Amino acid sequence: SFEIALARSVMTLPVPAGRTILDVLREHGVDMPSSCEQGACGTCLASVIEGEPLHQDVYLTPAERRAGTSIITCVSRARSARLVLDL
Ligand code: FES
């Protein structure tokens, strides 16, 4: 598991194994749009301010993956203990 800190909402939320970032955001009232929920469409993209994403989507380009400044919240997770998102 890891945690997400929401820079604009000033919340820190744990993301347990078996839950997605998208699930956790919605549980806490963050209005994140989604469509496919399988990592393919990019609708649920969030900007990463700090921390290292563990990309599990098929949407981002290789360059975007390397840059580490965005994450597909319906499938991807974190390599670092904490991700700070621009939400
Ligand atoms: Fe389609 Fe997340 S909802 S990539």
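The structure displayed is predicted, hence computed values, not measured ones. We count ligands from 1, going down the list as the structure has it; atoms in each ligand are counted the same way.
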Using a 4.0 Å cutoff against the non-hydrogen atoms of [X], which atoms of ligand 1 qualify?
X	answer
Ser35	3 (S)
Ser34	3 (S)
Ala40	4 (S)
Cys74	2 (Fe), 3 (S), 4 (S)
Ile72	2 (Fe), 4 (S)
Glu37	1 (Fe), 3 (S)
Gly39	4 (S)

Worksheet item: Looking at atom 2 (Fe) of ligand 1, is one of the N, O or S atoms of Cys36 less than 2.8 Å from it?
Response: no
Practice prompt. Examine Cys41 and say whether one of its N/O/S atoms is closer to atom 2 (Fe) of ligand 1 than 2.8 Å.
Written response: no
Would you name the heavy atoms of [X] and [Y] that are closest together and state the gap between them?
X	Y	result
Arg77	Gly18	NH2-N, 4.3 Å
Ser76	Ile71	CB-CG1, 3.6 Å
Leu87	Ala46	CD1-CB, 4.1 Å
Pro14	Pro16	O-CD, 3.5 Å
Cys41	Tyr59	O-CE1, 3.3 Å

Worksheet item: Can you tell me if Glu64 uses its side chain to pair, donor with acceptor, with the backbone of Thr61 under 3.5 Å?
Response: yes
Worksheet item: Can Ser34 and Arg26 be counted as having a side-chain donor-acceptor contact under 3.5 angstrom?
Response: yes
Practice prompt. Please write down residue, atom name and distance for the protein heavy atom closest to atom 4 (S) of ligand 1.
Written response: Gly42 N, 3.2 Å
Worksheet item: Val84, Met32: one ILVMFWY side-chain cluster at the under-4.5 Å cut-off?
Response: no
Worksheet item: Is the closest heavy atom of Asp57 to ligand 1 under 4.0 Å?
Response: no
